[in-house]
Protein chains: 2
Amino acid sequence: MRDTSLPARGELTVTPPHRELLDQILDKWSLAVLGELCERPSRFNDLRRAIPTVTQKSLTATLRRLERNGIVEREVLRSRPVAVEYRITPLGKTLRHPVDVLVGWADAHMPGIEEARARFDAESEPA
Amino acid sequence: MRDTSLPARGELTVTPPHRELLDQILDKWSLAVLGELCERPSRFNDLRRAIPTVTQKSLTATLRRLERNGIVEREVLRSRPVAVEYRITPLGKTLRHPVDVLVGWADAHMPGIEEARARFDAESEPA
DNA sequence: CGGTATCCCCCATGATACTG
DNA sequence: CAGTATCATGGGGGATACCG
């Protein structure tokens with residue numbers, strides 16, 4: 001595993017492949033799914049219950065996308081009726097740290113951001 | 001500034017406010033703009049040239065959104081003709097580390113991800 | 001239970017034209 | 001130079017219905 005220490009300068013260069021990847025992994029539902037699967041393997045309807053606002057279609061699409069990118073694993077359990085279990089992969093686990101850093105940043109700076117929003121909105125609206 | 005060290009467990013809980021914030025900051029063009037403004041303050045058309053595929057409209061929208069969230073600053077320079085300079089704010093600078101960690105992750109694991117994609121596509125298509 | 005298939009709509013984005 | 005205004009479009013996502 002490579003280090004996660006901060007790069008000297010200018011690593012913040014987002015190439016198209018990066019951009020595409022981030023779109024597939026940080027999209028509307030992926031982080032919620034990831035959060036669930038980091039806690040425990042889950043079946044399709046477990047995830048639906050855990051994320052009540054997601055539709056079948058979107059959940060399926062999200063899981064397929066994550067599976068394609070090697071982030072989650074899908075196993076069809078031979079039972080009656082059919083059950084399908086989703087699990088996080090080793091690769092998927094490595095994604096957790098970057099996301100935690102990001103979410104940690106959001107948490108820490110949310111107050112400052114809301115203040116900035118309030119200021120911006122106050123200066124624009126009164127027009 | 002709070003620490004960016006990794007949380008003990010389960011911080012990967014993305015609440016709706018988090019989700020909205022990430023949507024505003026990690027969207028299609030924001031990271032490119034951020035990358036530029038981290039290097040140097042830039043004027044509107046400098047950014048257009050640096051990011052050739054962005055349209056006027058999208059660039060304006062991106063800059064306004066980042067400004068509203070306190071990530072960038074806009075200054076109208078009194079000159080002929082008018083010039084407008086955009087700069088990263090202190091708050092914006094704090095965003096750099098999380099993004100670098102994320103981009104670093106993407107860099108480090110891109111090979112594994114492409115492999116996963118190839119495997120997935122090979123198993124699906126032959127149908 | 002764990003999905004597909006279909007329809008539909010909305011809105012983000014792009015293209016183009018115009019302006020202070 | 002740095003935008004705003006207007007129009008067109010396409011695809012992501014929801015609602016609904018059906019299937020192995």
Side-chain angles (χ1 to χ4, degrees), chain A residues 14 16 19-33 36-37 40-69 72-87 120 123-125 127, chain B residues 14 16 19-33 36-37 40-69 72-87 120 123-125 127:
Chain A
V14 184
R19 191 57 264 175
E20 188 210 359
L21 177 59
L22 296 185
D23 284 340
Q24 304 222 341
I25 280 176
L26 299 179
D27 71 286
K28 188 171 182 187
W29 301 114
S30 288
L31 292 189
V33 168
E36 279 305 308
L37 296 185
R40 68 195 82 76
S42 305
R43 299 187 11 201
F44 189 82
N45 282 337
D46 292 339
L47 291 172
R48 287 192 72 186
R49 276 183 289 272
I51 313 167
T53 48
V54 74
T55 62
Q56 277 180 338
K57 186 182 175 179
S58 296
L59 182 55
T60 303
T62 299
L63 287 167
R64 285 291 177 285
R65 200 165 41 236
L66 291 177
E67 188 193 358
R68 188 173 109 91
N69 286 281
V72 309
E73 228 170 27
R74 188 182 113 110
E75 184 182 1
V76 180
L77 304 172
R78 301 181 48 78
S79 60
R80 289 294 312 269
V82 188
V84 178
E85 191 174 86
Y86 291 92
R87 292 187 304 272
F120 184 94
E123 286 169 9
S124 322
E125 279 191 55
Chain B
V14 183
R19 193 55 264 174
E20 188 211 357
L21 177 59
L22 297 185
D23 284 340
Q24 305 222 340
I25 282 176
L26 301 180
D27 71 286
K28 189 173 182 187
W29 300 113
S30 289
L31 292 190
V33 169
E36 279 305 308
L37 295 185
R40 67 194 83 76
S42 304
R43 294 175 30 188
F44 189 81
N45 282 337
D46 291 339
L47 291 171
R48 287 193 73 185
R49 274 184 290 274
I51 312 166
T53 48
V54 73
T55 62
Q56 278 180 339
K57 187 180 174 182
S58 295
L59 182 55
T60 302
T62 299
L63 287 167
R64 285 291 177 285
R65 200 165 40 237
L66 291 178
E67 187 192 359
R68 187 173 110 91
N69 285 280
V72 309
E73 229 170 26
R74 189 183 112 111
E75 184 184 1
V76 180
L77 305 172
R78 299 180 51 74
S79 61
R80 289 293 312 268
V82 188
V84 177
E85 190 173 88
Y86 291 92
R87 292 187 303 272
F120 184 94
E123 284 169 11
S124 321
E125 278 191 55

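Numbered from 1 within each chain, the chains take letters A, B, ... in sequence-line order.
- Atom CG of B:Asn69 is separated from atom CZ of A:Phe120 by 9.5 Å, given to the nearest 0.5 angstrom.
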Quick tally for nucleotides 6-20 of chain C: nucleotides whose base has a protein heavy atom under 4.0 Å get B, sugar-phosphate-only ones S, the rest -, giving BB-----BBB-B---

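- Rounded to the nearest 0.5 Å, atoms CG (A:Leu59) and CZ (A:Arg64) are 9.5 Å apart.
- One distance of note links CG of B:Leu26 with CG of A:Leu22; it measures 7.5 Å at 0.5 Å rounding.
- Residue contacts shown for A:Arg64 are limited to sugar-phosphate atoms, with no base heavy atom under 4.0 Å away.
- Each salt bridge (charged side-chain N to carboxylate O under 4.0 Å, His left out) pair with one or both residues in residues 47-60 of chain B, not counting sequence neighbours, appears once here: B:Asp46-B:Arg49.
- You'll find the side chain of B:Leu63 stays beyond 4.5 Å of the side chain of B:Glu67, heavy atoms only.
- Annotation: the span from A:Asn45 atom CG to A:Leu47 atom CG amounts to 9.0 Å, rounded to 0.5 Å.
- The CG atom of B:Leu31 sits 12.5 Å away from atom CD of B:Glu36, with the distance rounded to the nearest 0.5 Å.
- The side chain of A:Arg74 contributes an N or O atom lying less than 4.0 Å from OP1 or OP2 of C:dG3.
- Of all nucleotides in DNA chain D having an atom under 4.0 Å from a heavy atom of chain A, the first and last in 5' to 3' order are D:dG13 to D:dA17.
- Taking atom CZ of residue A:Arg80 and atom P of nucleotide C:dC1, one finds them 13 Å apart after rounding to whole Å.
- With rounding to the nearest 0.5 Å, the separation of CG in B:Leu37 from CG in B:Leu66 is 8.5 Å.
- The phosphate of C:dG3 (OP1 or OP2) has a side-chain N or O of A:Tyr86 nearer than 4.0 angstrom.
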